[in-house]
2 protein chains.
Amino acid sequence: MAYRRSALMEERLASNRQRILEATRELIARGGLRDAQVSAVAAEAGMSTGVIYRYFKAKTDLFVEVLAEAVTLEIEILDAICAGPGTVTERLYAAVESFVRRALNGPNLAYAFIAEPADPEVDIARIRERKRFAEVFRRLLAEGTASGEFAAQNLEASAACIVGAYTEALVGPIGPAREVVADREALIRSICAFCVRAVGGRTGQS
Amino acid sequence: MAYRRSALMEERLASNRQRILEATRELIARGGLRDAQVSAVAAEAGMSTGVIYRYFKAKTDLFVEVLAEAVTLEIEILDAICAGPGTVTERLYAAVESFVRRALNGPNLAYAFIAEPADPEVDIARIRERKRFAEVFRRLLAEGTASGEFAAQNLEASAACIVGAYTEALVGPIGPAREVVADREALIRSICAFCVRAVGGRTGQS
DNA sequence: TCAAGAAATGAAGCGTACTTCATTTCTTAT
DNA sequence: ATAAGAAATGAAGTACGCTTCATTTCTTGA
């Protein structure tokens with residue numbers, strides 16, 4: 001034998017893979033899933049088109065992985081908020097606020113992951129990932145209803161509704177037909193307040 | 001000259017156009033936007049592929065028109081409920097219930113219009129159509145806040161949230177990865193109750 | 001340095017589906 | 001009946017973009 005992967009090579013391969021993922025994320029953030037063709041991803045990563053397929057079985061797998069990575073990151077943030085101090089209501093408010101705020105800052109990335117159409121497999125993945133979001137809220141709702149802070153309700157349905165509510169409220173502001181948001185802070189407060197009211201929580205905020 | 005459209009011909013052309021729209025709607029309802037290729041639409045309508053382009057500039061225009069037509073129909077129903085008898089809370093509940101119930105009955109049509117992948121123009125149309133839904137709820141909220149039945153709130157944001165909430169709650173049940181809904185009626189009640197609570201309305205339902 | 005195997009290249013292959021267009025068929029007025 | 005113009009046909013044209021693969025370049029161990 002005359003070739004066996006060295007540690008250095010192993011590292012380089014891993015970094016290539018990472019670069020592809022990053023290039024994909026970058027393109028999606030810039031122009032949506034639509035602009036992340038395999039050849040464009042390769043160009044962005046400074047590689048040839050064909051090499052993508054050495055790292056990913058198909059374009060779909062690449063997308064799914066980028067999506068999952070981004071969601072994992074979001075969820076870590078949400079989980080931290082949920083595990084933090086404050087009443088359940090306060091934490092629910094903070095969790096929604098945190099997500100919405102970040103979505104408004106990185107428009108296309110959030111939009112793509114939440115709402116942009118893609119092929120069936122990516123779509124299925126997106127729904128799966130949304131469920132991960134819903135699960136975070138479901139746990140928070142469970143805590144709130146157990147403590148009596150929230151009204152009795154169908155936890156799964158309410159969790160899905162919360163995710164849907166702030167998502168839809170964002171689609172206008174960040175979607176492909178972008179609108180001017182007169183007052184970001186007011187919008188954020190409104191969305192959060194809606195969600196809190198919806199679960200039967202009480203807050204001083206409007 | 002030796003040819004001028006007769007009234008009969010005019011009628012036939014109009015009916016052809018209608019048949020194309022119906023064929024498209026039928027195909028979408030059966031298998032989603034995915035299954036509504038131009039050639040399939042033509043086959044379903046019993047026409048040749050090329051003739052579609054005598055009636056519609058492009059496939060996108062066809063889709064957009066079908067979407068708009070379907071939404072118009074939905075909105076008429078919602079409007080009737082909003083204009084009907086009962087407290088604002090009751091009418092809000094009934095409006096959401098009506099939409100959700102119909103969506104659960106015609107899975108693919110609703111899913112296609114809500115969430116299925118499509119090209120950018122259809123997407124923009126879909127967002128526009130969603131806004132028409134939101135507008136219906138906005139008016140209801142205006143009435144409810146004016147009468148003091150609902151809490152003071154950002155009407156646009158809350159309306160969007162309502163649309164998003166029931167939409168997302170439906171994506172699981174009707175999406176491509178269909179789930180069994182243990183109890184449809186309970187799901188419907190949960191979604192409606194969520195929306196009512198969210199706007200600060202009061203209802204005896206759980 | 002050299003050979004063997006791994007990895008990268010990028011143009012060509014390929015599938016899908018929208019759109020066009022030369023031809024055919026139908027409709028109307030004389 | 002006939003001619004002119006409209007409408008329909010459907011196969012071919014075209015575009016797009018994922019995926020492959022023969023070839024080239026690079027990496028490793030002897």
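What you are looking at is a predicted structure, and each value in this text was computed from that prediction instead of being measured. Letters go in sequence order (proteins before strands), and every chain restarts at 1.
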- Note on the structure: Rounding to 0.5 Å, atoms CZ (B:Arg19) and OG1 (B:Thr24) come to a distance of 12.0 Å

- Query: Where is the tightest heavy-atom contact between B:Val122 and B:Leu67, given as atom of each residue plus distance?
  - Reply: O-CD2, 4.4 Å

- Mind calculating the distance between CZ (B:Arg54) and P (D:dG10) to the nearest angstrom? 15 Å

- Item | Between A:Ser158 and A:Arg138, a side-chain donor and acceptor under 3.5 Å | no

- Note on the structure: B:Leu8 atom CG is separated from C:dA29 atom C1', nearest whole Å, by 16 Å

- Dump the intermediate steps for salt bridge (charged side-chain N to carboxylate O under 4.0 Å, His left out) on A:Arg25 and A:Glu65, then the final yes or no. CA-CA 10 Å; A:Arg25 197 169 54 222; A:Glu65 193 163 330; over 6 Å; no

- Message: What contact category does B:Tyr55 fall into here, base, sugar-phosphate, or nothing, at under 4.0 angstrom with non-hydrogen atoms?
- Response: sugar-phosphate

- Step through the shown structure and confirm whether more than 12 heavy atoms of other residues, nucleotides or ligands are within 6.0 Å of CD on A:Glu121. no

- Take atom CZ of B:Phe63 and atom C1' of C:dA17, then tell me their distance rounded to the nearest Å. 11 Å

- Message: Among residues 14-27 of chain A, which ones have heavy-atom contacts with DNA chain D below 4.0 Å?
- Response: none

- Kindly say if B:Arg5 contacts the phosphate of D:dG5, meaning a side-chain N or O under 4.0 Å from OP1 or OP2. no

- Integer-rounded Å distance: C:dT19 P and B:Asp119 CG: 9 Å

- Task: Quick one: label A:Leu13 by what it contacts on the DNA or RNA (base, sugar-phosphate, nothing), any heavy atom closer than 4.0 Å.
- Result: sugar-phosphate

- Message: Under a 4.0 Å threshold between the charged nitrogen and the carboxylate oxygen, would B:Glu11 count as salt-bridged to B:Arg5?
- Response: no

- Task: Can you check each nucleotide of nucleotides 16-27 of chain D against protein heavy atoms at under 4.0 Å and return B for base, S for sugar-phosphate only, - for none, in 5' to 3' order?
- Result: -SSBB------B

- Quick one: CG on A:Leu170 to CD1 on A:Ile191, what's the gap to the nearest 0.5 Å? 5.0 Å

- Query: Would you say C:dT9 has OP1 or OP2 under 4.0 Å from some side-chain N or O of A:Ser48?
  - Reply: yes

- Message: Applying salt bridge (charged side-chain N to carboxylate O under 4.0 Å, His left out), can you list everything that pairs with A:Glu143, at least two apart in sequence or on another chain?
- Response: A:Arg91

- Query: What is the distance from atom CD1 of B:Ile124 to atom OG1 of B:Thr60, rounded to the nearest 0.5 Å?
  - Reply: 10.5 Å

